[in-house]
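Comments concern the structure below.
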Amino acid sequence: MKLDRLIGILSLLLQREKVTAPELAERFEVSRRTIQRDIDTLCRAGIPLVTTQGAGGGISILEGYRVDRTLLTGPEMQAILAGLRSLDSVSGTRRYAQLMEKLAAETGGLVPGGAHMLIDLASWYKASLPPKIEAIRAAIEAGRTIRFTYFSPKGESQREAEPNCLLFHWSSWYVWAFCRQREDFRLFKLNRMTGLSLGESVPPRQAPLPDLDPERVFPPAYEVVILFDPAYRWRLVEEYGAESFTQTADGRLRFAGGFPDKDSVFHWLLTFGDGAELLEPADLRRDLHQLALRLARRYEEEG
């Protein structure tokens, strides 16, 4: 992956006076032409690199530009390596572990021996998620569309999209892509995608940054008030924070918050069993009462 190589090349140049193109090509297992394109990319990014020919020549950072060779301190390098290590936890490969080995090979004493932070982004969907991530990565690098079946609260649909980047947010993986059916950029949740395949080649499209404000992506349609049994204090603290509720005179916990739709309210409430009571809004309370009656009738018949 190009970003991997750029990080690796820059790290080596920060640690050594000079590196040759053949050495970089061998280390990152690409052609010398690819290395030259990477060097051009770093130069365009504002890193002044100098290439000298002949015996003792190579690629280096302009001497007057580099003030401190330890631009990346030990803790900073550990943070980078922890982030790279976390990507292997979802990709199902050793791609980033191999990159770490390449980065660490030339850092000498820069990287402390013990890791103080471990990040595991693996989900319950270990069998289905990594192939999707790898397929979308391949589509982004090759400049191709992706085709898939998408499941949403509005129903099932066939989509073709131009992927821009993968995102890990709200404890789930998404792809930010230009949807050809909607003619706009959309966030697609990977767990809702099936039948993923690569489509045609497309020219790169200028993409805006995704707006990940929860109130924009999940606009609250229902403002609810719920009373919880004190035994569920830990869940409210974990999911919404210690400031999300107040304690009433009888010891119960009064929670107020917004939800994007009725199903979200009901799904969450039912996980508390009889340890939660919906107070407001009144129409939602009536709907929940009707749902409880239907469930009671269903299980009475099966009993």
Side-chain angles (χ1 to χ4, degrees), residues 1-4 83-99 119-222 239 258-271:
M1 187 176 180
K2 184 173 182 177
L3 180 58
D4 302 347
L84 293 175
R85 191 181 292 113
S86 72
L87 296 176
D88 269 343
S89 69
V90 292
S91 68
T93 70
R94 290 193 71 255
R95 177 184 299 108
Y96 297 98
Q98 291 167 351
L99 173 61
I119 305 172
D120 189 345
L121 299 180
S123 73
W124 294 103
Y125 309 97
K126 292 183 179 179
S128 61
L129 191 59
K132 293 178 186 177
I133 291 175
E134 289 301 292
I136 294 172
R137 258 178 35 87
I140 294 172
E141 291 185 354
R144 297 174 63 179
T145 64
I146 51 175
R147 295 169 179 159
F148 53 93
T149 302
Y150 196 66
F151 298 84
S152 73
K154 296 181 179 179
E156 174 183 342
S157 60
Q158 303 299 315
R159 302 292 186 95
E160 183 173 17
E162 303 169 21
N164 175 261
C165 64
L166 287 158
L167 296 170
F168 182 79
H169 202 53
W170 305 300
S171 301
S172 297
W173 281 94
Y174 299 81
V175 58
W176 177 241
F178 182 83
C179 177
R180 291 189 162 187
Q181 281 72 24
R182 301 292 184 264
E183 296 187 342
D184 196 5
F185 280 89
R186 291 286 191 273
L187 272 179
F188 295 102
K189 195 172 187 177
L190 267 59
N191 282 340
R192 294 182 180 178
M193 301 166 65
T194 64
L196 181 65
S197 64
L198 271 61
E200 63 183 6
S201 297
V202 291
R205 184 186 295 270
Q206 188 70 27
L209 291 175
D211 183 355
L212 301 180
D213 183 347
E215 291 193 357
R216 192 202 69 80
V217 181
F218 307 110
Y222 290 92
E239 297 177 23
F259 287 80
D261 51 62
K262 181 169 67 175
D263 286 344
S264 298
V265 179
F266 290 174
H267 290 169
W268 190 57
L269 267 176
L270 291 173
T271 64

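Shown here are the side chain to side chain donor-acceptor pair (under 3.5 Å) partners of S128, two or more places apart in sequence or in another chain: there are none.
Here the CG atom belonging to D211 is positioned 14.5 Å from the CZ atom belonging to F185, to the nearest 0.5 angstrom. Atom CD in E200 sits 8.0 Å away from atom CD in E162 (nearest 0.5 Å). Atom CZ of residue R192 and atom OH of residue Y174 lie 7.0 Å apart, to the nearest 0.5 angstrom. In this structure, the separation between OG on S172 and CG on L167 is 11.5 Å, given to the nearest 0.5 Å. A distance of 12.0 Å separates CG in L166 from NZ in K132, rounded to the nearest 0.5 Å. Separating the CZ atom in R159 from the CD1 atom in I146 is a distance of 11.0 Å, to the nearest 0.5 Å.
In this structure, the side chain of Q181 engages the main chain of E160 through a donor-acceptor pair within 3.5 Å.
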task: Applying side-chain contact (heavy atoms from CB on, under 4.5 Å), run through S264 and Y222 and close with a yes or a no.
output: CA-CA 10 Å; S264 298; Y222 290 92; over 6 Å; no

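Closest non-hydrogen pair, L187 versus Y150, comes out as O-OH, 4.2 Å. When all heavy atoms of A161 and A177 are compared, the closest pair comes out as CB-CB, 3.8 Å. Of all heavy-atom pairs between D184 and F178, the closest is N-CE1, 3.5 Å. Residues L196 and M193 approach most closely at CD1-CE, 3.8 Å, considering heavy atoms. Across A139 and P163, no two heavy atoms sit closer than the pair CB-CG, 4.0 Å. Closest approach of P208 to W176, counting heavy atoms only: O-NE1, 2.9 Å.
Between R147 and T145, the side chains place no donor N or O within less than 3.5 Å of an acceptor N or O (distance only, hydrogens not considered).
Within a 6.0 Å sphere centred on CD of E183, other residues, nucleotides and ligands contribute 12 heavy atoms or fewer.
Under the 30°/60° scheme for interplanar angles, the aromatic rings of F259 and W268 are found to be tilted.
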